[in-house]
Amino acid sequence: MCRLFGLHAGSPVRATFWLLSAPDSLVRQSHREPDGTGIGVFTPAGAPELHKEPIAAWQDREFATQARDLTSPVFVAHVRYASTGGLSVVNTHPFSQDGRLFAHNGAFTGLDRLDRRLDRMGATGLVRGDTDSERLFALVTAEIRARNGDVEAGLIAALIWTATHVPVYSLNLILATPQQLWALRFPDTNELWVLQRAKDAGRGALEATTSRIRARSAELAGRSATVVASEPMDDDPGWRLLDSGELIRIDADQGLSSSSPLPPSSTYALTVQDLDPTAASSQAPMGD
């Protein structure tokens, strides 16, 4: 299963990332290797900056295993297990469009219908690769443009259209600007968790770790921050599993708002048995 990670620190902080943080055990070697890893950040001027690379079993994994020191108010990281699209940089998450970052964990079909929708909205040129995820991001971008830059309204419109018009297995995602971060869990097929680290003089450095993504930030000691991830990354009791259909928004002041703007289920809900073998394999959970 793809791994999602988002961090909103409110203001720029330095953080160190490892995207394949632990050597594979024999059990893990029975699973296929990741198909891409990437981190998205924002420069001091607010421009997206991407550090990503396709990773295959036959490739040198140095990019993913080496420590990467980055500074940003918002971070989006992703480890990809491909459901659609080949191994290439353009198919590797996160994606960047109109100054925003996007990463997706899930799968859906009906891409021909989505392509026709993008064509009608004049957004076909936003898609450089051949993944379902980048197409979804293009629809989000097109709907935001149609609403004069209202990010949340455009995001919700794109998600409602997708949930209504194409068969969906999972639409878990993170969308980020330099000031705000949105995260969605829909439906309940894949997990997505959130942790609000309150400002506390006794709070130590951020140390967030799973078998696939590790993040550390000494600068977050005693500072508030919000983390979104595909699974809890430490033993903090504050981790909360998002509800099915829950959309959260984290603002620059660390305020978190929650809504449920999507229908209870997609019109054409998929199970893992409905997916082709590649997509089904990409959605298999991997224990820590």
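Numbers for residues simply follow the sequence, beginning at 1.
- Between F108 and H104, the ring planes lie tilted relative to each other; the angle falls in the 30° to 60° range.
- T37 and R212 form no side-chain donor-acceptor contact under 3.5 Å, judged by distance and modelled atom types alone.
- Here the straight-line distance linking atom CG of L184 with atom CG of L171 works out to 6.5 Å at 0.5 Å rounding.
- Among all heavy-atom pairs drawn from I156 and L247, the shortest one is CG1-CD2, 3.9 Å.
- Cluster membership for V166 and F102, using ILVMFWY side-chain heavy atoms within less than 4.5 angstrom, is shared.
- Looking at heavy atoms from C-beta onward, K52 lies in side-chain contact with F95 at the 4.5 angstrom threshold.
- By the side-chain hydrogen bond (donor to acceptor under 3.5 Å, both in side chains) test, Q180 is found to be paired with D251, residues two or more places apart in sequence or in another chain being considered.
- Under a hydrophobic-cluster definition in which Ile, Leu, Val, Met, Phe, Trp and Tyr are linked whenever side-chain heavy atoms come within less than 4.5 Å, directly or via other members, L159 and F137 are assigned to the same cluster.
- Between the K199 side chain and the R223 main chain, no donor and acceptor come within less than 3.5 Å of each other.
- The environment of R240 atom CZ is dense: over 12 non-hydrogen atoms of other residues, nucleotides or ligands sit within 6.0 angstrom.
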Original post:
Is there a side chain to side chain contact (heavy atoms under 4.5 Å, CB included) between E231 and R3 once you walk through the steps?
Top reply: CA-CA 8 Å; E231 63 269 288; R3 300 295 177 100; 2.7 Å; yes
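- The hydrophobic clustering, which links ILVMFWY residues whose side-chain heavy atoms are closer than 4.5 Å, places M233 and V228 apart.
- Listed by chain and residue number, E143 satisfy the side-chain hydrogen bond (donor to acceptor under 3.5 Å, both in side chains) test with R147 (two or more places apart in sequence, or in another chain).
- With contacts defined as side-chain heavy-atom distances shorter than 4.5 Å, the pair L7/V74 does not qualify.
- Smallest separation of non-hydrogen atoms from P178 and G46: CG-O, 3.4 Å.
- Note: F5 and F17 have perpendicular aromatic rings, judged against thresholds of 30 and 60 degrees for the angle between ring planes.
- The CD atom of E191 lies 9.5 Å from the CG atom of N172; values are rounded to the nearest 0.5 Å.
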Original post:
Run the salt bridge (Lys or Arg N to Asp or Glu O under 4.0 Å) check on D243 and R185 step by step: do they pass?
Top reply: CA-CA 7 Å; D243 293 332; R185 183 188 183 207; over 6 Å; no
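- Residues V140 and F42 do not share a hydrophobic cluster, defined by chaining ILVMFWY side chains whose heavy atoms lie under 4.5 Å apart.
- Minimum interatomic distance between D234 and W239 (heavy atoms only, all atoms of both residues): OD1-NE1, 2.7 Å.
- Rounding to the nearest 0.5 Å places CG of L101 at 9.0 Å from OG1 of T177.
- Rounded to the nearest 0.5 angstrom, R214 CZ and E207 CD are separated by 5.5 Å.
- In the hydrophobic cluster analysis, where Ile, Leu, Val, Met, Phe, Trp and Tyr join through side-chain heavy atoms closer than 4.5 angstrom, W182 is grouped together with I160.
- Using modelled atom types, one finds no donor on one side chain facing an acceptor on the other under 3.5 Å when comparing E246 with S260.
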Subject >> Verdict with supporting geometry, E134 and R128, salt bridge (Lys or Arg N to Asp or Glu O under 4.0 Å) >> reply: CA-CA 8 Å; E134 191 183 24; R128 299 172 57 226; 5.4 Å; no
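- We find the CG-CD1 distance between D150 and I144 to be 8.5 Å, quoted to the nearest 0.5 Å.
- Residue L155 holds its CG atom at 10.0 Å from CZ of R100, rounded to the nearest 0.5 Å.
- Inspection of the T141 and D98 side chains reveals no N or O donor paired with an N or O acceptor under 3.5 Å.
- Cation-pi geometry between R14 and F75 is not met at under 6.0 angstrom from the ring centre and within 45 degrees of the axis.
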